[in-house]
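To start, the structure under review is shown below, and the notes come after it.
If you're wondering where the values come from, they're calculated on a predicted model, not measured in any experiment. In this chain, numbering begins with 1 at the start of the sequence shown.
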Amino acid sequence: MKSITKLDLQYAHRFYGFKGEAQYLHGHTGILTIEVEDSVNPGVNMVFPCNEIQKTAWDVLKNFDHALILREDDPLLPAVLDVYEKQGIRNGAPSNTMKGPAFKTELATAYPECRLVVTKETMTVEGMIKIVYDLLKDKLNIVKLTFTSGVNAASEEYVPKRSMDRCPLCGIAMDENGVCPKCGYRKA
């Protein structure tokens, strides 16, 4: 069975080198749908609490919300960083409170202090799915991701990698010591 949840992401990007409207800097509202699969946990009668899927995903993905996403070879990147430096916001500002931990993967690097994500490939809906799966594959038992942005959409299905040991009281994944990080339940 599946648990399904959605997250909204507001972001700006452009398709550097593209011959069309998307070559210009523009913004989107993106909707990410995450489908997680496993057996129904008998203690709580669910696969995985949707609010916990959102929390787990949001901890990393909030770096994409209200962020500028540019490809690493985009000539706008140094210009934006220069402007941020001159404004005194390159290393953060008191109003920048919605940020996740910095990350660096093969596909993307997040710079939360300046609300910037730098990608290896052009950030399309397909590219976003690749990045999201790479960031969350070890945290959630993802079987499908769908990302829509404006009139564009993409979807990818995955084979479940494992069954997760979940808490019988609240349904979230137990840590490596058999303890629920949410409610403290200890596996006997």
Side-chain angles (χ1 to χ4, degrees), residues 4-36 50-51 53-140 142-158:
I4 303 169
T5 194
K6 293 182 179 190
L7 291 103
D8 289 359
L9 300 168
Q10 312 293 322
Y11 64 96
H13 72 152
R14 77 178 194 139
F15 293 2
Y16 172 60
F18 182 75
K19 302 302 178 213
E21 290 301 316
Q23 68 184 311
Y24 296 99
L25 192 60
H26 61 283
H28 285 283
T29 296
I31 310 272
L32 176 68
T33 304
I34 302 172
E35 298 184 30
V36 176
C50 289
N51 63 336
I53 297 170
Q54 283 184 332
K55 187 187 321 177
T56 300
W58 189 247
D59 283 346
V60 175
L61 299 179
K62 65 183 161 188
N63 284 319
F64 292 89
D65 192 46
H66 290 83
L68 176 59
I69 304 171
L70 292 175
R71 204 169 73 195
E72 63 188 7
D73 63 342
D74 191 320
L76 275 180
L77 183 57
V80 167
L81 290 173
D82 184 53
V83 168
Y84 285 0
E85 187 71 40
K86 288 175 181 167
Q87 279 187 273
I89 62 171
R90 182 172 178 169
N91 296 315
S95 60
N96 183 13
T97 59
M98 183 68 82
K99 58 186 178 181
F103 66 78
K104 182 176 179 70
T105 70
E106 188 177 312
L107 300 173
T109 303
Y111 299 95
E113 281 72 28
C114 59
R115 314 277 329 146
L116 178 68
V117 177
V118 178
T119 60
K120 184 99 173 150
E121 302 172 333
T122 299
M123 217 307 273
T124 60
V125 288
E126 294 86 354
M128 184 63 159
I129 287 174
K130 288 192 246 181
I131 292 168
V132 168
Y133 185 73
D134 190 45
L135 290 168
L136 297 177
K137 67 184 177 199
D138 296 327
K139 300 174 190 289
L140 297 167
I142 298 169
V143 293
K144 186 175 182 182
L145 292 173
T146 303
F147 189 63
T148 58
S149 183
V151 297
N152 303 303
S155 187
E156 180 75 27
E157 294 187 27
Y158 305 92

Exercise: identify the closest heavy-atom pair between [X] and [Y]:
| X | Y | result |
| --- | --- | --- |
| Arg71 | Tyr16 | NH2-CD2, 3.1 Å |
| Ala153 | Val125 | C-CG2, 3.7 Å |
| Leu9 | Leu61 | CD2-O, 3.7 Å |
| Ile131 | Phe64 | CG2-CZ, 3.6 Å |
| Asp65 | Asp8 | OD1-O, 4.0 Å |
| Leu81 | Cys114 | CD2-SG, 4.2 Å |

- Task: Compute whether any side-chain donor of one residue and acceptor of the other, for Thr146 and Ser155, lie under 3.5 angstrom apart.
- Result: yes
- Establish, from distance only, whether the side-chain atoms of Ser149 and Tyr11 form a donor-acceptor pair under 3.5 Å. yes
- Answer yes or no: is there an ion pair linking Glu113 with Arg90, defined by an N-O contact shorter than 4.0 Å?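 Answer for the salt bridge query: no.
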Whether [X] side chain and [Y] backbone form a donor-acceptor pair below 3.5 Å:
| X | Y | result |
| --- | --- | --- |
| His13 | Leu70 | no |
| Thr122 | Thr124 | no |
| Asn96 | Pro112 | yes |
| Asn63 | Ala110 | no |

- For His66, what residues pass the ring pair (Phe, Tyr, Trp, His ring centres under 6.0 Å) criterion, not counting sequence neighbours?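 Per chain and number, His66 pairs via ring pair (Phe, Tyr, Trp, His ring centres under 6.0 Å) with no residue.
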- Can Ile142 and Tyr133 be said to form a side-chain contact (heavy atoms from CB on, under 4.5 Å), step by step? CA-CA 8 Å; Ile142 298 169; Tyr133 185 73; 4.2 Å; yes
- Distance (rounded to the nearest 0.5 Å) between Ile31 CD1 and Lys6 NZ: 7.0 Å
- So how far is it from Glu35 CD to Leu140 CG, rounded to the nearest 0.5 Å?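 One finds 12.5 Å between CD of Glu35 and CG of Leu140.
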- Residue pairs passing the salt bridge (Lys or Arg N to Asp or Glu O under 4.0 Å) test with at least one member in residues 125-136, sequence neighbours excluded, are Glu121-Lys130, Asp134-Lys137
- Item | Qualifying salt bridge (Lys or Arg N to Asp or Glu O under 4.0 Å) pairs with a residue from residues 142-151, counting only residues at least two apart or across chains |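 Qualifying pairs, neighbours excluded: none.
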- Given side-chain contact (heavy atoms from CB on, under 4.5 Å), test Leu77 with Val118 step by step and report yes or no. CA-CA 8 Å; Leu77 183 57; Val118 178; 4.0 Å; yes
- Message: Between Ile4 and Ile34, does the side-chain contact (heavy atoms from CB on, under 4.5 Å) criterion hold? Intermediate values first, please.
- Response: CA-CA 6 Å; Ile4 303 169; Ile34 302 172; over 6 Å; no
- Message: Contact between Met123 and Met128 at the side-chain level, heavy atoms closer than 4.5 Å - yes or no?
- Response: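 Yes, close enough: below the 4.5 Å cut-off.
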- Task: Measure the shortest side-chain to side-chain distance between Thr109 and Tyr111 over non-hydrogen atoms and say whether it is less than 4.5 angstrom.
- Result: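 Thr109 reaches Tyr111 side chain to side chain.
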- Message: Within a 6.0 Å radius of atom NZ on Lys99, are there more than 12 heavy atoms belonging to other residues, nucleotides or ligands?
- Response: yes
- Message: Tell me whether the count of non-hydrogen atoms from other residues, nucleotides or ligands lying under 6.0 Å of CD in Gln87 goes above 12.
- Response: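 Result for CD/Gln87: enclosed.
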- Message: Under the rule for salt bridge (Lys or Arg N to Asp or Glu O under 4.0 Å), what residues qualify as partners of Lys139, not counting sequence neighbours?
- Response: none
- Query: By salt bridge (Lys or Arg N to Asp or Glu O under 4.0 Å), which residues pair with Asp138, not counting sequence neighbours?
  - Reply: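 Asp138: no salt bridge (Lys or Arg N to Asp or Glu O under 4.0 Å) contacts found.
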- Taking it one step at a time, do Leu135 and Thr105 satisfy side-chain contact (heavy atoms from CB on, under 4.5 Å)? CA-CA 8 Å; Leu135 290 168; Thr105 70; 3.7 Å; yes
- Query: Excluding sequence neighbours, so at least two apart, what forms side-chain hydrogen bond (donor to acceptor under 3.5 Å, both in side chains) with Asp74?
  - Reply: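 Counting only residues at least two positions away or on another chain, Asp74 forms a side-chain hydrogen bond (donor to acceptor under 3.5 Å, both in side chains) with Arg14.
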